[in-house]
2 protein chains.
Amino acid sequence: MARILIVEDEDRIAAFLAKGLSADGHQVSTVGDGLQGLEEALSGAFDLMVLDIGLPTIDGFEVLDQLRAQGSRMPVVVLTARDSVHDTVSALEGGADDYLAKPFRFAELRARINVRLRQQDRTDAEVGELRSGSVALDLRTRRLRVDGRETDLSAREFALAEVLLRNPGQVLSRAQLLDLAWDMDFDPGSNVVDVYVGYLRKKLGSARVETVRGMGYRFQP
Amino acid sequence: MARILIVEDEDRIAAFLAKGLSADGHQVSTVGDGLQGLEEALSGAFDLMVLDIGLPTIDGFEVLDQLRAQGSRMPVVVLTARDSVHDTVSALEGGADDYLAKPFRFAELRARINVRLRQQDRTDAEVGELRSGSVALDLRTRRLRVDGRETDLSAREFALAEVLLRNPGQVLSRAQLLDLAWDMDFDPGSNVVDVYVGYLRKKLGSARVETVRGMGYRFQP
DNA sequence: GGCATCGATGAGAGGTCTCTCATGAACCCC
DNA sequence: GGGGTTCATGAGAGACCTCTCATCGATGCC
């Protein structure tokens with residue numbers, strides 16, 4: 001399952017794609033214009049974008065350009081009615097990961113989307129990025145990306161974030177968190193954990209770290 | 001520049017590809033049958049493979065299959081005369097990164113190859129551990145291991161160590177180090193670099209960071 | 001050797017990080 | 001609603017990090 005953003009202004013095609021991709025188990029959202037598509041893409045809520053070139057407000061090339069300029073590495077499959085070599089090359093050099101000319105077979109689009117998603121998974125695993133919903137923790141640069149916005153973390157905040165993200169949905173006691181993020185196998189009788197959960201909440205958004213009274217904390221994906 | 005393996009039995013096409021890709025500055029080798037292609041691909045001497053499907057000895061699907069079974073992640077662009085959705089899907093699901101049906105424009109192939117190479121570079125750049133002689137820098141845990149002993153590094157020390165280790169034996173000016181490890185493209189007229197080289201020397205061993213009078217510093221592998 | 005330049009390093013200012021403590025709010029049980 | 005427990009959070013101490021500055025030593029040139 002992946003979260004796929006379709007940016008396409010022809011309703012008939014958008015609906016066709018949405019239906020097919022949903023049937024494959026993906027979670028699909030459709031948007032009909034460029035500016036809105038760019039915004040959604042930058043929100044961090046999607047794993048892949050299917051992008052039409054001919055769009056209202058700003059065209060697909062521009063969307064791609066802005067997206068890459070903002071540092072996003074989201075896989076993008078470009079889809080267009082114009083079957084010109086020039087467009088293909090422009091799109092691919094502009095940062096698209098794949099390009100299909102209409103008319104195309106759905107089976108081919110599906111296969112190409114799956115390749116990009118597979119690649120992304122592999123890259124994430126190798127590069128060391130932890131993702132859960134719209135939250136991504138870059139293990140290399142130690143930065144946190146929430147809804148497309150990046151924040152720096154202190155060493156301790158990072159350790160705590162890593163533990164929480166590696167155990168999404170699971171309740172972790174203060175003792176467990178101390179053990180995993182502080183390397184302390186004893187309780188120093190303090191509330192460090194509480195304090196750091198507070199700090200993380202400011203950066204992560206309060207709702208994402210849930211308090212389970214009497215038990216501990218839980219990261220909400 | 002990349003090292004590209006072309007596996008194609010039609011001489012005319014193979015020559016055409018070799019010529020075009022060489023002109024782009026790549027180092028190209030051509031092979032005319034499947035088994036030999038597989039061997040070359042597994043040798044580790046190439047960055048990317050352009051693979052035809054219809055081949056003597058074993059066909060392209062089989063080559064792809066074996067290659068992936070052996071754990072290789074080399075980017076593969078499949079190129080074939082058969083333009084059937086079924087083949088496209090098979091190739092992509094079988095581990096190809098891209099698929100072009102003949103006839104195709106060279107410009108499009110070039111663009112698609114460049115996308116795959118770009119992707120590969122990005123992935124390579126972001127994994128693991130930096131080593132040089134008896135010094136290892138763990139990029140994940142941000143620790144330095146020298147002759148078996150581990151030390152912690154501060155954020156700035158780590159950045160500097162990373163830059164030095166990535167350019168072993170090379171003299172780096174203070175301005176370069178400021179740019180690379182401090183993200184400063186101006187000289188603040190200070191001696192921060194000198195100071196941090198001093199700190200690093202304490203952890204790395206004095207002899208390993210050499211002063212090049214009037215020029216800068218050099219990491220000695 | 002004398003002088004000028006360049007690099008090494010200790011001291012320390014100011015900032016950030018980590019943790020403790022105290023206080024007040026939220027919650028639960030009765 | 002009352003009382004006890006649990007959690008959230010601001011304030012602040014102390015350690016550590018980052019950088020500047022001044023001083024001293026090393027080096028190269030004449």
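Please read these numbers as outputs of a predicted model, since none were measured by experiment. Proteins get letters first, then strands, A, B, ... in listed order; numbering begins at 1 in each.
Side-chain nitrogen and oxygen atoms of B/Trp182 include at least one within less than 4.0 Å of the OP1 or OP2 phosphate oxygen of D/dC19. A close approach under 4.0 Å does occur between a side-chain nitrogen or oxygen of A/Tyr217 and OP1 or OP2 of D/dA8. Within the structure, every side-chain polar atom (N or O) of A/Ser190 is placed at least 4.0 Å from both OP1 and OP2 of C/dC19. Proximity of B/Ser154 to the phosphate of D/dT18: a side-chain N or O atom is located under 4.0 Å from OP1 or OP2.
Nearest nucleotide to the side chain of A/Asn191, out of D/dT20, C/dT18, C/dT20: C/dT20. Closest approach to the A/Arg213 side chain among D/dC7, D/dT27, C/dC21 is made by D/dC7 (side chain taken as heavy atoms from C-beta onward).
Atom CZ of B/Arg218 sits about 10.0 Å away from atom CG of B/Leu172, to the nearest 0.5 Å.
Using a 4.0 Å cut-off between charged side-chain N and carboxylate O, B/Asp138 and B/Arg145 make no salt bridge.
Counting to the nearest Å, the P atom of D/dG10 and the CZ atom of A/Arg201 are 13 Å from each other. In this structure, A/Arg156 atom CZ and D/dA15 atom P are separated by 16 Å, rounded to whole Å.
B/Arg3 meets the side chain to side chain donor-acceptor pair (under 3.5 Å) test with B/Asp47; sequence neighbours excluded.
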Compile the donor-acceptor pairs under 3.5 Å between side chains in residues 12-19 of chain A and protein atoms, sequence neighbours left out, one pair per line.
none

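Remark on the helix from C/dG1-D/dC30 to C/dC30-D/dG1: inter-end axis angle 30°, axes from five-pair C1' superpositions, rounded to 10°.
Between A/Tyr199 and A/Thr211, it is A/Thr211 whose nearest contact on DNA chain D lies nearer the 5' terminus.
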